Structures are given as C-alpha cells and as structure tokens.
Amino acid sequence: MTTTAKRTGELEKLTKAFWAHLRAHPALPEPCTVTLDPWKPEVQVQAAPARAATHLGELLLWASTLDSVTAEWWHTNSDRLHITLRGRAAGTRFYVYGGIPYTGCAELMRLDVDEHEGVSVDEISTLRELLDEQQTGMAGVIT
C-alpha cells in the first residue's frame, strides 16, 4: 500500500471516528474548528470562543466523553490561558483545546508567562466554578 493510500485510509477512519463520537454524545457543543491529522493520527477539536466560564465548561463536556484524559494549561505570552485535553474515544486519539484571557485567572491561580502545568480535569472544573462566581459577582475571598 502506498503512503498516500495509507493516509487516505487513516483520514477516513478519523472522519468516521469524529462523526461517531458526535452521534454518541449529542450534547457536545459545536466546535470552532476540527482538524483530522492522519500523520499523528488524531482528531483535533478547538472549542468555540465564549465567556471564560462557559468556554471551560465546554472543554469539560468534551473531557467527560473521552477516556484516559490528560490536561495541561499554559500562560501564553499573549496573556491567554491555553487549555489542552488529550484522550481517546473508541480507540481514536482526540486533542481538544481552547483558551481564555489570563487576566481573569490571575487572582485565582499563579502561572508565570510561558509556564506550562499539567492539571487534572477537577482543577479545570474548579477554575470554571471560580470564574463563574467571579463573573456573576458572587465570588468571595479565597483563603
């Protein structure tokens, strides 16, 4: 089998896996972009931009549909908090990512510019809850 034929077959498998995953989880939010990378092979999903707490909630919904999820966040030099999730669904690797302004997170977490940190899904959930409280004006003092 030629390299082109192998990649075409992989692309077809990734396409089927992505659509099967969406059909199995109809509550998943519509992504901003989807990239099928037959060289890795992997389905890459970018969550649609939204209010910070909502955006994190959408990433958490994706995480809840994947197995063996690992997560990382990164304070970019453009002052954003970039969040990545890696997991599997029916044997296919998924890479789900998004970003929010770091400004709202600065009081809730400490991450230097260009610093990456592995985190749990629970930590992302906690940050979402704190941002939601902060954005709705119900945040108290965190000790």
Side-chain angles (χ1 to χ4, degrees), residues 3 5-143:
T3 302
K6 286 181 187 176
R7 294 298 158 217
T8 301
E10 194 61 51
L11 189 57
E12 186 175 337
K13 286 194 311 192
L14 292 172
T15 302
K16 287 179 180 179
F18 173 72
W19 286 111
H21 191 70
L22 285 185
R23 280 191 296 277
H25 304 282
L28 280 173
E30 186 172 333
C32 178
T33 58
V34 176
T35 303
L36 306 174
D37 187 343
W39 292 99
K40 290 197 176 181
E42 173 178 85
V43 175
Q44 300 168 0
V45 177
Q46 180 181 8
R51 182 175 74 96
T54 302
H55 192 68
L56 292 177
E58 290 186 359
L59 289 170
L60 290 166
L61 278 173
W62 277 94
S64 72
T65 67
L66 301 173
D67 298 320
S68 305
V69 175
T70 60
E72 180 181 80
W73 52 34
W74 163 41
H75 182 181
T76 70
N77 56 11
S78 60
D79 208 31
R80 306 238 344 128
L81 184 66
H82 186 84
I83 300 100
T84 59
L85 306 168
R86 290 187 182 275
R88 291 190 168 273
T92 300
R93 290 189 314 181
F94 277 75
Y95 173 81
V96 182
Y97 63 96
I100 60 174
Y102 183 78
T103 314
C105 305
E107 296 176 9
L108 305 173
M109 61 185 293
R110 174 75 180 166
L111 200 59
D112 293 331
V113 173
D114 211 28
E115 184 178 359
H116 295 249
E117 182 176 67
V119 295
S120 68
V121 172
D122 287 342
E123 288 172 297
I124 296 170
S125 180
T126 298
L127 179 60
R128 186 203 60 77
E129 291 168 8
L130 292 171
L131 286 172
D132 194 41
E133 289 174 4
Q134 184 183 68
Q135 292 170 350
T136 59
M138 299 186 307
V141 176
I142 303 168
T143 56

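None of these values were measured; they are calculated from a predicted model.
Here CD1 of Ile100 is found 10.5 Å from OG1 of Thr54. Values are rounded to the nearest 0.5 Å. We find the NE2-OG1 distance between His116 and Thr84 to be 9.0 Å, quoted to the nearest 0.5 Å. With values rounded to the nearest 0.5 angstrom, Leu127 atom CG is found 6.0 Å from Leu108 atom CG. In this structure, Gln44 CD and Thr33 OG1 are separated by 8.5 Å, a value rounded to the nearest 0.5 Å. Of the inter-residue distances, the one linking His75 atom NE2 with Cys105 atom SG reads 9.0 Å to the nearest 0.5 angstrom. Expressed to the nearest 0.5 Å, how far CD of Glu10 lies from CD of Glu42 amounts to 11.0 Å.
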side-chain contact (heavy atoms from CB on, under 4.5 Å) between Leu130 and Gln134, intermediate numbers included: CA-CA 6 Å; Leu130 292 171; Gln134 184 183 68; over 6 Å; no
Working for side-chain contact (heavy atoms from CB on, under 4.5 Å), residues Asn77 and Asp114: CA-CA 6 Å; Asn77 56 11; Asp114 211 28; 5.6 Å; no
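The two residues Leu59 and Leu85 have their closest heavy-atom pair at O-CD1, 3.2 Å. Taking each heavy atom of Glu117 and Leu111 in turn, the nearest pair found is CB-CD1, 4.0 Å. Here the shortest heavy-atom pairing between Trp73 and Glu123 reads CH2-O, 4.1 Å. Across all non-hydrogen atoms, the minimal contact from Ile124 to Leu60 is CG2-CD2, 3.8 Å. Listed here is the closest heavy atom pair of Leu61 and Pro29: CD1-CD, 4.0 Å. Contact detail for Leu131 and Gly104: the closest heavy-atom pair is CD2-O, 3.5 Å.
Here Thr76 pairs with Trp74, Ser78, Arg80, His82 under the side chain to side chain contact (heavy atoms under 4.5 Å, CB included) rule; sequence neighbours left out.
Between Leu81 and Met109 the shortest side-chain heavy-atom distance falls below 4.5 Å. Within the 4.5 Å cutoff, side-chain heavy atoms of Gln46 are placed close to those of Cys32. At least one side-chain heavy atom of Arg51 sits under 4.5 Å from a side-chain heavy atom of Asp132.
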Which donor-acceptor pairs under 3.5 Å do the side chains of residues 89-99 make with protein atoms, sequence neighbours left out?
| from | atom 1 | to | atom 2 | distance (Å) |
| --- | --- | --- | --- | --- |
| Arg93 | NE | Pro41 | O | 3.2 |
| Arg93 | NH2 | Lys40 | O | 2.5 |
| Arg93 | NH2 | Pro41 | O | 3.3 |

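Using modelled atom types, one side-chain atom of Thr15 and one backbone atom of Leu11 make a donor-acceptor pair closer than 3.5 Å.
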